[in-house]
Amino acid sequence: MNSLAAAFDHPFLRAVPWRQLALPILAFLVLAMMVLPLPPFLLDVLFTFNIAISLIVLMVAVYTRRPLDFAAFPTVLLLTTLMRLSLNVASTRAVLTDGHTGPDAAGKVIESFGHFVIGGSFAVGIIVFSILVVINFVVITKGAGRIAEVAARFTLDAMPGKQMAIDADLNAGIIDDKEAKRRREEISQEADFYGAMDGASKYVRGDAIAGILILFINMIGGLAIGMLTHGLAVEQAVETYVLLTIGDGLVALIPGLVISIAAGLIVSRVGKDGDDLGGQVAKQLFSMPRALGITAAILGILGVIPGMPWFVFLLFSAIAGFMAWTLHQKNQVAAAPAQSAERAAADAPPPQEASWDDVVPLDVLGLEVGYRLIPLVDQAQDGELLKRIKAIRKKFAQEIGFLPPPVHIRDNLELKPSQYRVLLKGVVVGEGEAFNGMMLAINPGGVTQPVPGTATKDPAFGLPAVWIEPRTRDAAQVLGYTVVDCATVVATHINHLLASNAGALLGRQETQALIDHVAKHAPKLLDDLVPKLIPLSTLQRVLQNLLDEGLHIRDLRSIVETLADVAQRSTDPNELTAHVRAALRASIAQTLFGSTRELSVVALDPELEKVLVQSMGNGTGAEGAAIEPGLVDLIQRGAAAASQRQEDMGLAPTLLVPDRLRVPLVRLLRRAAPRLRVIGHAEVPETSQIRVSTVLGGA
């Protein structure tokens, strides 16, 4: 036994594609049955196998939920038809060759059908065979072929409309690219299937005609051979060959009839994907109490008519009546909640007039997600993104210096299923797509080998990235990609947007909350400043100026002390901000350059600096209105190039300018070089050394 198992476990046998060889082997066997003589025992095996295959096909057709789930049916129909015809040829050879030897000349199966099914009478056999042929050929095959023909025609005519519907759903964001591709393939397969069924139904019709012809050919040929060749009497030849021929025909016809029924079930299948044929018939045929009740009444009336078999009629009348009563009770129980809801709606008070309570305040921070991202923000499902957002707000408060507003999360069906967007005071400040259950492989730079997936860009920083399956995470990390999950992608984007819009997040309410928080630790710190020297709005404006340029306001003590010293001379927010920045020069240098004392900066060309100083002295120079447009374009392009050059060298893109030019240049370069930070000479710490790495405006 062990040696036999080892023989079948040979590497050659494991390497043979048996499934791919199955159809060629079957086709070869079909041809062999037509040419080679088969012994009676082998005929019994093959006839039994033919019956078993037909029953399997019928059961699969019954329990198939959609026609496309059995898309191989046209091919199966062809193969089973060829098998039956080849068996007819083999059995005909056996009957005509050895029929004179006895009724088992073509096997026990044919003999059994000849005696048991038709009672041993060739007249009964011919009549039964003829009726089965009519049922198969005229009723089932013709009807199934007509259904397949009409279905194929209607499917082809409906294809353009279905394609347009898929394109409309895709453009509206209801489905994604993968779902659209799957639906298009399904439509194409459906058209191919019904077209193939239209042609395959001709196999069954041809098989029925061939069965009739084979029956008469075998009958006439058998009688001639028996009487002329083997010298049998007429009665003996009829009893032997006719019974064998009819048994042979019935053995081949019954599997054909089963296959025809399966074909009719497949092409006439109409219903939802979730119901098999039995469930669909039971649900739709026995779900109306009124129909069952009327049927029970009619059967009861027929049962009491004299001369009728009252027991059978009254039995089925009782069964139908019981089913009707049961369904009626079930429907009443199911309708009770709906009736209660209707009564509650009718008893509800009429809608009230509009009031100020209907005015919903606008959320400062909002996050809208598509329906596929709902699990990430669903508290009932312990959404991972909810935890990340809480951590982001805490980190923001620790690094920036104030607590941002809470993020109000809601789903939005107008978005694509995997889309999200972040809103600031109702305005979209960032959006992207994140695919739940997938990983984002981000190329930090230098990775040249691609990874399989959907190419995209990191929504936070715009780096090239690829959405990949979780199983390829390790391979992507080995190649050098930074791999993060879906919740981390959204959380990182939100964190970046909060940091970029920190100034807009600091409103009056947050400023007052910040003052109240500081007052708990230093009660006297703000008493002399707000509102004695400057109002709350001025303090808010100064803090916003700092935040807009990427500075934190954690050192509120230094900010308040500086404002208290300067506010007696000026209350202009821009001037106050300049003094505060000078007081925070050590913090600014550390934020931009780290702990190093050597500050590598971009400096203005002396001639350009002289021109800008003269332009800024012309009244409106603070806004840059006195600078020539050509010079403005030159400065912006040069600043963008210098900023990129600093980043390529691994240095912080920082422009050092005279103090009076700092604010105008910040406004001038905010869009052209958003990553370039502009500092004034007064904002450089005394302990730091300046090294000019790039000159802006030089030759």
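These values consider heavy atoms only, across backbone and side chains, with no hydrogens, waters or symmetry-generated copies. This one's a predicted model, so the numbers in the text were calculated from it and none came from an experiment.
By the ring-ring contact (aromatic ring centres under 6.0 Å, His included) test, Tyr481 pairs with no residue at all, sequence neighbours left out. The side chain to side chain contact (heavy atoms under 4.5 Å, CB included) test applied to Thr591 returns His552, Ser587, not counting sequence neighbours. For Thr456, the side chain to side chain contact (heavy atoms under 4.5 Å, CB included) partners are Leu440, Ala465, Trp467, not counting sequence neighbours.
Classification of Arg183 and Glu186 as a salt-bridged pair fails, no side-chain N sitting under 4.0 Å from a carboxylate O. Classification of Arg581 and Glu683 as a salt-bridged pair holds, one side-chain N sitting under 4.0 Å from a carboxylate O. With respect to Arg421 and Glu433, no salt bridge is recorded, no charged nitrogen being found less than 4.0 Å from a carboxylate O.
Within a 6.0 Å sphere centred on CD of Glu607, other residues, nucleotides and ligands contribute 12 heavy atoms or fewer. Within a 6.0 Å sphere centred on CD of Glu185, other residues, nucleotides and ligands contribute more than 12 heavy atoms.
Residue pairs meeting the salt bridge (Lys or Arg N to Asp or Glu O under 4.0 Å) criterion with at least one partner in residues 389-413, sequence neighbours excluded, are Asp363-Arg410. Within the structure, side-chain hydrogen bond (donor to acceptor under 3.5 Å, both in side chains) pairs that include any residue of residues 629-656 comprise Asp633-Arg637, Gln644-Asp648, Gln646-Ser693, Gln646-Thr694, Glu647-Arg675 (at least two apart or interchain).
Considering only heavy atoms from C-beta on, Leu385 comes within 4.5 Å of Leu367 through its side chain. Within the 4.5 Å cutoff, the side chain of Val57 has heavy atoms near those of the Val76 side chain.
Between the Asp378 side chain and the Ile374 main chain, no donor and acceptor come within less than 3.5 Å of each other. In this structure a side-chain-to-backbone donor-acceptor pair under 3.5 Å is present from Asp485 to Thr488.
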Just list the side-chain donor-acceptor pairs under 3.5 Å for residues 441-453, sequence neighbours left out, or say none.
residue, atom, partner, partner atom, Å
Asn443, OD1, Gly445, N, 2.9
Asn443, OD1, Val447, N, 3.4
Asn443, ND2, Val447, O, 3.0

(request) Could you check Ser600 against Arg691 for side-chain hydrogen bond (donor to acceptor under 3.5 Å, both in side chains), going step by step and ending with a plain yes or no? (result) CA-CA 5 Å; Ser600 299; Arg691 183 175 69 87; 2.7 Å; yes
